[in-house]
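Bear in mind that the values here come from a model prediction, so they are computed numbers and not experimental data.
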Amino acid sequence: MNVEHEVGLLVEEIRRLGTRNADGQVSVKFGVLFADEKCANLFEALVGTLKAAKRRKIITYQGELLLQGVHDDVDIMLLQD
């Protein structure tokens with residue numbers, strides 16, 4: 001799979017699992033995304049796809065690298081809707 005396609009799939013999954021905040025932006029906790037069975041089967045390297053999407057300014061989150069357990073409560077915010 002190419003990176004653009006995986007980033008597109010990531011956006012769909014964030015919309016599916018996330019919630020809208022008061023500003024109308026969709027966000028999801030990293031732990032929710034990581035633990036989701038569909039995402040686990042869809043993405044070979046979820047963290048790599050997240051980094052690629054962040055570089056493209058499609059999503060944002062605190063920090064550089066997200067790790068399961070340690071960063072489960074980190075919000076991943078969708079910047080483009």
Hey, what do you get for CD1 (Ile76) to NZ (Lys54), rounding to the nearest 0.5 Å? 10.0 Å

Nearest 0.5 Å, what's the CG-CD1 distance between Leu33 and Ile14? 6.0 Å

Using side-chain heavy atoms (C-beta onward) and a distance below 4.5 Å, is [X] in contact with [Y]?
X     : Y     : answer
Val26 : Thr19 : no
Leu10 : Leu46 : yes
Phe30 : Val47 : yes
Val28 : Arg15 : no
Leu9  : Cys39 : no

Lys51 and Leu66: side chain to side chain contact (heavy atoms under 4.5 Å, CB included), yes or no, with the steps? CA-CA 9 Å; Lys51 285 178 72 171; Leu66 297 175; over 6 Å; no

Strictly by side-chain hydrogen bond (donor to acceptor under 3.5 Å, both in side chains), give each pair with a member in residues 66-76 just once, sequence neighbours left out.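 Found Lys29-Asp75.
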
Where do Asn21 and Met77 land on the side chain to side chain contact (heavy atoms under 4.5 Å, CB included) test, with the steps shown first? CA-CA 10 Å; Asn21 64 15; Met77 186 85 57; 3.8 Å; yes

All N/O donor-acceptor pairs, side-chain side in residues 56-65, below 3.5 Å, sequence neighbours left out:
| unit_1 | atom_1 | unit_2 | atom_2 | d |
| --- | --- | --- | --- | --- |
| Arg56 | NE | Glu4 | OE2 | 2.8 |
| Arg56 | NH1 | Ala52 | O | 3.2 |
| Arg56 | NH2 | Glu4 | OE2 | 3.2 |

Lys/Arg-Asp/Glu bridge criterion (N-O < 4.0 Å) met for Glu13, Arg16: yes

